[in-house]
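Just below is one structure, and these are the notes that go with it.
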Number of protein chains: 2
Amino acid sequence: MTTLKPVYLQKVKQHNMADILQKIWEHESISRVELVELTGLTSGTITNLTQELLQTGLIRESETSSGSVGRKRVMLKLRTDRYMIIGLDIGRTSFEVVLADLAGRMIKSVEGNTVGIRNPEQVLDLVAPHLESLKTDATDKKSPVIGLGVSIPGPMDKKTGKLLSPPNFPGWEGYPIQSALERRFGLNVFIEDDARTSALAERWYGLGRKAQDLLFVTMGMGIGGGVVAKGELVVGSNGLYGQVGHITLLPGGEICACGNEGCWETVGSIPGILRRWSGGNTIDGFFQAVREGDPAAVQCMQETLYYLECALTTLFNTYDPDVIVLGGKLYPYLTMHLSEIRSRVKARMYAFVRDRLHIESATFGASQNAVGAVALVFGALLNEPLQTLAGTKT
Amino acid sequence: MTTLKPVYLQKVKQHNMADILQKIWEHESISRVELVELTGLTSGTITNLTQELLQTGLIRESETSSGSVGRKRVMLKLRTDRYMIIGLDIGRTSFEVVLADLAGRMIKSVEGNTVGIRNPEQVLDLVAPHLESLKTDATDKKSPVIGLGVSIPGPMDKKTGKLLSPPNFPGWEGYPIQSALERRFGLNVFIEDDARTSALAERWYGLGRKAQDLLFVTMGMGIGGGVVAKGELVVGSNGLYGQVGHITLLPGGEICACGNEGCWETVGSIPGILRRWSGGNTIDGFFQAVREGDPAAVQCMQETLYYLECALTTLFNTYDPDVIVLGGKLYPYLTMHLSEIRSRVKARMYAFVRDRLHIESATFGASQNAVGAVALVFGALLNEPLQTLAGTKT
DNA sequence: CCATTTGCTTTATTTATTAAAATTATTATA
DNA sequence: TATAATAATTTTAATAAATAAAGCAAATGG
């Protein structure tokens with residue numbers, strides 16, 4: 001699953017270890033013989049590598065089980081309580097810090113709001129005590145934290161580790177968030193765009209357990225996307241892969257902040273809906289009006305669903321995923337229409353892929369970003385177990 | 001670059017050899033010391049592996065060159081004339097077979113038409129003598145053919161090796177083309193969709209030499225796409241990744257053969273243009289009318305360019321490629337508008353990516369598919385040199 | 001209780017790497 | 001013109017991590 005770059009011989013071992021660890025995760029519970037079959041490695045090698053994984057505490061032996069005769073198979077499982085991960089979701093007006101085990105289960109979670117705070121340092125000041133406290137909690141339980149995953153709005157430049165400004169996280173442009181966090185908390189820090197962390201939450205802890213190709217669509221103040229292909233996050237040449245809010249849905253339509261015209265985001269995001277409705281300025285109000293049967297609101301709602309239908313069809317045809325997962329602040333209002341959306345999109349697909357097409361709801365609701373931040377670290381661990389663990393103080 | 005699966009120790013060598021071969025290709029000409037730096041392998045290993053590559057005939061030593069003092073560097077190059085590749089483009093109404101060297105240079109090419117022939121076997125009967133003759137040519141020159149690359153319209157099921165029917169290659173649904181060709185010609189056979197082979201032609205022999213992420217858009221009787229990300233072809237979960245002709249451009253528009261409505265293909269393909277124009281049924285006639293200033297035709301042309309502008313903007317935002325390459329039967333009529341298209345699309349992009357955005361013309365014109373078929377085999381060779389060469393009779 | 005089966009571990013061997021020394025080729029300098 | 005200096009490549013001995021095959025452990029059934 002990992003790509004093996006130049007290759008010093010030593011790295012082969014690490015690669016095989018990662019391969020084994022991933023297979024253990026995939027199967028939840030698996031014996032050494034099965035690993036022999038799946039990996040193509042010999043039984044001796046499996047013995048050695050699993051032993052090393054047992055020593056690190058990443059896996060454990062559990063019950064035995066097997067057929068009728070012969071020695072029973074010892075099942076191996078991921079050990080989810082030996083190490084912890086901290087996830088940090090920095091939103092535009094709020095934050096959430098969570099302590100989670102390796103299965104993505106939240107042990108503890110703190111939320112807070114950052115309304116009006118524009119200075120990144122001040123936001124970190126606000127977050128710091130909670131984060132430190134979670135870190136202490138984990139260490140007290142002898143489950144050291146292997147890393148800090150961070151979910152932020154909008155894309156980041158991987159080379160410089162700084163945030164890109166557009167379209168929407170004022171005050172944070174150019175802030176060297178990665179190095180700042182590493183210095184401040186002494187943890188391995190991993191950062192991604194919120195749409196992408198959401199996609200990773202599904203990949204590792206949600207619907208993606210089986211689906212190797214998925215697209216997460218987050219609808220809120222903007223519309224964003226995260227793509228996982230063959231189990232890997234796709235970022236694109238400029239880090240802008242999967243900006244699904246900026247597909248042109250209405251040629252000749254409104255000019256978007258991105259420079260394009262008729263973007264789905266201009267009509268399908270929360271601000272987009274409110275602009276089209278022009279009956280108020282809260283999304284709650286809008287859906288209230290819809291429920292009350294207000295004709296303008298109902299009409300606007302119909303259009304919103306139609307745009308969603310068009311956009312999702314386009315996205316199936318461009319990304320060919322196993323599943324599209326829907327989430328974001330707007331989505332709770334749309335959940336009740338899911339089966340309708342499904343059938344309308346299916347009706348527009350090639351007949352021969354219709355059954356293979358899935359549209360689902362995000363698994364973690366309001367905590368999707370925070371869980372995704374955790375998943376970001378977990379993915380790194382499964383891809384490079386020893387290296388990721390290396391920086392961890394036991 | 002290649003993904004190393006389970007991993008027997010022996011495979012490490014193959015992987016390193018592939019890595020070295022790719023670096024030699026990338027740099028056109030490179031010395032052993034430079035390979036040491038680039039791969040991270042030691043000089044001894046580089047000596048061994050390059051020696052083996054020299055023996056297979058895949059590379060050669062060329063001139064020496066270097067700084068002021070010390071022993072000169074011996075430059076290594078890909079040897080392009082020792083092995084040959086045959087490319088076969090099967091179109092809906094014509095075919096092309098080419099013999100090419102490893103640099104993608106056409107040594108010989110034969111075209112023919114298949115109008116009215118619906119039976120795959122009959123098409124192969126027509127192609128066979130030309131193909132056999134090219135194969136003999138190559139063997140006579142002591143340059144054995146390492147494989148046969150095939151470009152076909154519409155996607156194929158990788159698991160079964162059979163052609164999928166929709167949307168458009170009547171008579172070929174379910175035909176086991178891969179096994180048929182392998183049996184008939186005794187060559188390693190590699191098959192891909194024509195949009196994808198076109199993309200590969202650029203990847204290996206055209207604009208993709210530097211660009212790691214590219215999108216090829218082919219406009220003709222339909223509109224198709226091929227995506228290369230991080231140097232690898234992307235196919236998607238159902239083999240339908242990059243069906244760019246089926247993005248919804250006009251909500252409420254015409255129903256497409258694919259089942260979707262308002263697809264770009266319904267308005268932007270050759271049939272789409274002719275339907276909108278309704279002034280005749282040849283594309284030559286249409287562009288003639290445009291040149292003569294016929295108002296309806298001019299209007300239709302304006303729309304066509306506008307749709308193209310919208311579609312390309314959407315595609316940049318969804319795939320984030322380094323470059324979008326335009327080709328297909330329709331494109332020669334549009335070439336003169338390229339710089340206009342460029343500036344119109346750029347005007348709609350995020351300001352900070354505007355300079356990194358490139359739109360270019362396909363490199364190989366009418367032979368794009370055939371060259372792409374060759375590139376398909378070349379890519380396999382660079383990824384797994386010894387294995388690909390294994391089946392070749394010297 | 002012993003033969004049989006199956007799962008896991010151990011040991012000797014192999015392979016492709018690394019590290020370091022040796023060789024080759026070239027230029028600068030005495 | 002010999003010789004020192006430098007740089008590129010090759011050779012050699014040592015090493016790491018795999019394989020292959022034999023051995024051990026744990027279970028069932030007559």
Side-chain angles (χ1 to χ4, degrees), chain A residues 2 4-21 23-24 27 29-55 59-77 385-386, chain B residues 2 4-21 23-24 27 29-55 59-77 385-386:
Chain A
T2 322
L4 202 55
K5 303 215 188 108
V7 177
Y8 320 77
L9 181 54
Q10 358 161 344
K11 299 224 167 160
V12 174
K13 185 179 160 187
Q14 306 255 2
H15 181 266
N16 287 337
M17 258 180 73
D19 196 41
I20 289 172
L21 189 60
K23 295 219 158 50
I24 292 173
H27 291 75
S29 182
I30 194 172
S31 65
R32 290 180 177 80
V33 228
E34 291 167 290
L35 283 172
V36 170
E37 288 160 20
L38 285 171
T39 61
L41 297 165
T42 59
S43 50
T45 304
I46 295 293
T47 293
N48 287 334
L49 295 179
T50 51
Q51 198 157 62
E52 210 162 317
L53 285 170
L54 284 164
Q55 273 159 16
I59 64 171
R60 63 190 169 83
E61 295 187 326
S62 66
E63 83 293 357
T64 61
S65 83
S66 177
S68 50
V69 292
R71 179 173 173 175
K72 285 185 174 163
R73 300 173 171 190
V74 179
M75 305 310 279
L76 301 170
K77 287 190 167 172
L386 295 190
Chain B
T2 321
L4 202 55
K5 307 222 182 95
V7 178
Y8 320 77
L9 180 55
Q10 1 161 344
K11 300 224 167 159
V12 174
K13 186 178 160 187
Q14 307 255 1
H15 182 265
N16 286 338
M17 257 179 74
D19 195 42
I20 289 172
L21 189 59
K23 295 221 157 49
I24 292 173
H27 290 76
S29 181
I30 194 172
S31 66
R32 288 179 179 80
V33 229
E34 291 168 288
L35 284 172
V36 170
E37 289 162 18
L38 286 171
T39 61
L41 297 165
T42 58
S43 50
T45 304
I46 296 293
T47 294
N48 288 335
L49 295 179
T50 51
Q51 197 156 62
E52 211 163 316
L53 284 170
L54 284 164
Q55 273 159 17
I59 64 169
R60 63 189 169 82
E61 295 188 324
S62 67
E63 83 293 354
T64 61
S65 83
S66 177
S68 50
V69 292
R71 181 173 173 174
K72 285 184 175 163
R73 300 172 172 193
V74 179
M75 304 310 278
L76 301 169
K77 287 190 167 171
L386 295 190

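First the proteins, then the strands, lettered A, B, ... as listed; each starts at 1.
- Looking at residues 48-55 of chain A, you'll see that no heavy atom sits under 4.0 Å from any atom of DNA chain D.
- Pairs of residues two or more places apart, or lying in two chains, that qualify as salt bridge (charged side-chain N to carboxylate O under 4.0 Å, His left out) and include a residue from residues 44-54 of chain B are B/Lys13-B/Glu52.
- Atoms OG1 and CG, from B/Thr39 and B/Asn16 in turn, are 7.5 Å apart once rounded to the nearest 0.5 Å.
- By the 4.0 Å N-to-carboxylate-O rule, A/Arg32 lies close enough to A/Glu61 to be salt-bridged with it.
- The CG-P distance, from B/Leu41 to C/dA19, rounds to 11 Å in whole Å.
- Of all non-hydrogen atoms in B/His27 and B/Leu38, the two that sit nearest each other are CE1-CD1, 3.5 Å.
- Contact record, B/Ser62 with B/Val74: O-CG1, 4.2 Å, taken as the closest heavy-atom pair.
- Separating the CE atom of A/Met17 from the P atom of D/dA16 is a distance of 17 Å, rounded to the nearest angstrom.
- The two residues A/Leu41 and A/Val36 make their nearest non-hydrogen contact at O-CG1, 3.3 Å.
- The distance from the OG1 atom of A/Thr50 to the CD1 atom of A/Ile24 is 7.5 Å, given to the nearest 0.5 Å.
- C/dT6 atom C1' lies 9 Å from atom CZ of A/Arg73, rounded to whole Å.
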Tabulate protein N/O versus nucleotide N/O from nucleotides 21-24 of chain C, keeping only pairs under 3.5 Å, one per line.
from: C/dT24; atom 1: O2; to: B/Arg71; atom 2: NH1; distance (Å): 3.1

Using atom names, set out every protein N or O paired with an N or O of nucleotides 28-30 of chain D below 3.5 Å, distance rounded to 0.1 Å.
none

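- Here the nucleotide nearest the side chain of B/Thr47, chosen from D/dT11, C/dA19, C/dC8, is D/dT11.
- Atom CD of B/Gln14 and atom P of C/dA16 are 9 Å apart (whole Å).
- Taking side-chain N and O atoms only, B/Thr45 has a distance below 4.0 Å to OP1 or OP2 of C/dT18.
- Within the structure, a side-chain polar atom (N or O) of A/Arg32 is placed less than 4.0 Å from OP1 or OP2 of C/dT9.
- For D/dA18, one of the phosphate oxygens OP1 or OP2 lies less than 4.0 angstrom from a side-chain nitrogen or oxygen of A/Asn16.
- In terms of heavy-atom proximity, A/Leu53 sits nearest to A/Met17 at CD2-CE, 3.4 Å.
- Under the side-chain hydrogen bond (donor to acceptor under 3.5 Å, both in side chains) criterion, B/Thr47 pairs with no residue at all, not counting sequence neighbours.
- Across the protein-nucleic acid pair, B/Lys13 atom NZ and D/dA18 atom P stand 18 Å apart, rounded to whole Å.
- Listed by chain and residue number, A/Thr42 satisfy the side-chain hydrogen bond (donor to acceptor under 3.5 Å, both in side chains) test with A/Thr45 (two or more places apart in sequence, or in another chain).
- The distance from the CD1 atom of B/Ile59 to the CG atom of B/Leu54 is 4.0 Å, given to the nearest 0.5 Å.
- Rounded to whole Å, atom P of D/dT11 lies 15 Å from atom CD1 of B/Ile46.
- Checked by atom type and distance alone, the side chain of A/Glu34 pairs as donor or acceptor with a backbone atom of A/Ser31 at under 3.5 Å.
- With rounding to whole Å, B/Glu34 atom CD is found 9 Å from D/dA8 atom P.
- Between the CG atom of B/Leu35 and the C1' atom of D/dT9 there is a distance of 12 Å, rounded to whole Å.
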